Protein chains: 2
Amino acid sequence: MARMPLAFTALEGLPEISQGVDLAQLILISLGVAQLSLKTSDVLVVAQKIISKAEGRTLELHTVEPSNRAIELAAIVLKDPRFVQAVLSESSEVLRAVPHVLITRHRSGFVMANAGIDRSNVVGASEEGAGTVLLLPLDCDASAFRLSNALGGCAVIVSDSFGRPWREGVVNVALGVANLPALVDLRGEKDRQGRTVQSTEVALADAVAAGAGIAMGEAAQSTPIVHVRGVQLTAPFRSGQSLLRPIKGDLFL
Amino acid sequence: MARMPLAFTALEGLPEISQGVDLAQLILISLGVAQLSLKTSDVLVVAQKIISKAEGRTLELHTVEPSNRAIELAAIVLKDPRFVQAVLSESSEVLRAVPHVLITRHRSGFVMANAGIDRSNVVGASEEGAGTVLLLPLDCDASAFRLSNALGGCAVIVSDSFGRPWREGVVNVALGVANLPALVDLRGEKDRQGRTVQSTEVALADAVAAGAGIAMGEAAQSTPIVHVRGVQLTAPFRSGQSLLRPIKGDLFL
């Protein structure tokens with residue numbers, strides 16, 4: 001017999017999410033429609049976008065007053081100065097600014113494009129610099145825990161798609177994590193030849209988020225919530241913040 | 001009803017892989033044991049390690065003569081000079097060398113630690129600098145296609161675990177890809193509000209590899225082959241090489 005498969009199921013039929021909705025209630029309805037139960041050993045992966053919408057993390061760009069620095073940077077990256085100001089306000093550091101590219105370190109520590117500010121899938125945000133944009137949740141781990149608590153304690157990952165150095169294309173990663181070992185430390189375990197593993201930590205939450213990203217799909221057919229069954233959750237809890245390397249001491253850079 | 005789940009099933013009962021073994025035949029036996037069929041719409045994710053073993057990509061370190069550069073670098077990274085020479089021989093460029101860390105660009109373009117040279121799970125490689133090490137396949141895309149052809153044309157991903165800048169922990173990525181769109185181009189598609197998506201390419205093969213990494217598990221319980229059902233394979237084929245950013249023009253660095 002095979003091991004039980006690791007199964008990712010996208011939940012169908014969620015309405016557009018607006019500020020203040022009871023996301024847990026909507027999820028329970030969708031799970032019912034899918035004839036899926038929710039065990040505490042299950043994981044729900046939720047797109048950051050709908051968490052931000054439910055938490056009202058929208059910003060009207062016409063209310064933003066760009067600083068001189070934002071105006072200068074906007075001329076380099078060829079983006080709306082108010083959009084650039086919104087990115088700077090969300091960031092602790094600018095890492096890369098070239099035409100059409102603005103990579104920063106978000107205040108929460110994530111290195112990502114545009115501080116995670118999203119212009120797509122927000123009703124009214126018809127083009128860059130116009131209308132409404134969506135900021136990341138204030139604290140993605142806290143958002144994950146609130147949802148987990150409302151759902152009886154299952155694991156929750158708040159995920160978003162990230163570009164990567166050296167590799168093309170985006171993959172989903174975990175921004176916020178509740179009740180799941182975001183990072184699993186294998187150091188000291190034995191490999192198949194009985195030798196001690198020296199240096200491997202596994203980014204389990206990022207891997208679950210990446211797999212869920214496939215089930216979510218993209219563009220018009222995308223689904224923002226994925227139910228995951230079969231992840232081994234026995235290692236100690238580690239938060240989404242544990243996935244961030246210290247600013248000093250990055251092995252790669 | 002839910003969409004069909006995306007299902008990752010680790011194959012059990014594979015023997016230790018040695019040079020020249022008929023991997024396709026072993027996989028078919030394991031699939032039979034797991035009562036899994038193999039459709040051309042399925043994906044097999046195979047750990048690079050067993051591909052390298054089957055292809056005889058082992059190197060006896062005692063046969064390696066370290067160059068002066070390898071000896072100098074070994075003193076910096078605190079590794080065996082013969083091991084460092086093996087890494088240099090497999091690499092086109094050294095990106096980072098500090099104590100215990102040697103990041104290079106592999107000849108095939110992958111940016112990774114130690115040019116992907118593996119000391120664990122090789123019988124006889126009892127510690128760094130002793131015994132036998134395992135090199136990456138000469139051409140991971142070609143290895144994926146050979147296995148795919150021997151299995152009737154299903155999609156195949158040759159995967160390995162990579163560290164990442166800015167984020168802790170390793171995740172599996174795709175080195176070689178056959179019959180699967182490693183990169184899916186969404187540019188020009190419409191989002192849920194009907195606006196055209198501007199800039200998203202999705203690293204589908206990396207996401208599948210990451211999900212399969214969860215099913216593989218780690219250390220003593222790890223399983224090097226995962227059967228995946230439910231991935232949308234309709235986009236045009238793109239190879240593992242398509243996942244590599246050009247050396248010039250990396251957005252992040």
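Because the structure is a prediction, the values reported are computed rather than measured. Order of the sequence lines sets the chain letters (A, B, ...), proteins ahead of strands, with each chain counted from 1. What you see below is based on every heavy atom in this structure, not just the backbone, and it leaves out hydrogens, waters and symmetry mates.
Chain A forms the most heavy-atom pairs under 4.5 Å with one residue out of B/Val173, B/Leu11, B/Leu204, and that residue is B/Val173. When each of B/Val208, B/Leu183, B/Ile214 is scored by its heavy-atom pairs under 4.5 Å with chain A, the top score falls to B/Ile214. Contact tally against chain A (heavy-atom pairs below 4.5 Å) for B/Gly169, B/Gly109, B/Ala209, B/Gly230: the top residue is B/Gly169. Taking chain B as the reference chain and counting heavy-atom pairs below 4.5 Å, the highest number among A/Ala203, A/Ser242, A/Ala210 is found for A/Ala203. Of all the listed residues (A/Leu244, A/Val231, A/Val171, A/Val184), the one sharing the greatest number of non-hydrogen pairs under 4.5 Å with chain B is A/Leu244.
The minimum heavy-atom distance linking A/Pro5 with B/Thr9 is given by the pair CB-OG1, 3.3 Å. Of all heavy-atom pairs between B/Gly211 and A/Leu6, the closest is O-CD2, 3.6 Å.
Among A/Asp206, A/Thr200, A/Leu186, the one residue that satisfies the side-chain contact (heavy atoms from CB on, under 4.5 Å) test with B/Val170 is A/Thr200.
Going from atom CZ of A/Arg105 over to atom CH2 of B/Trp166 covers 8.0 Å, rounded to the nearest 0.5 Å. Going from atom CZ of B/Arg164 over to atom CG of A/Leu243 covers 7.0 Å, rounded to the nearest 0.5 Å.
No side-chain heavy atom of A/Arg245 sits less than 4.5 Å from a side-chain heavy atom of B/Arg167.
Take B/Ser37 and apply the side-chain hydrogen bond (donor to acceptor under 3.5 Å, both in side chains) test, not counting sequence neighbours, and it matches B/Arg229.
Contacts of B/Ser30 with chain A are absent, with no heavy-atom separation under 4.5 Å from either backbone or side chain.
More than 12 heavy atoms of other residues, nucleotides or ligands sit less than 6.0 Å from atom CD of B/Gln241.
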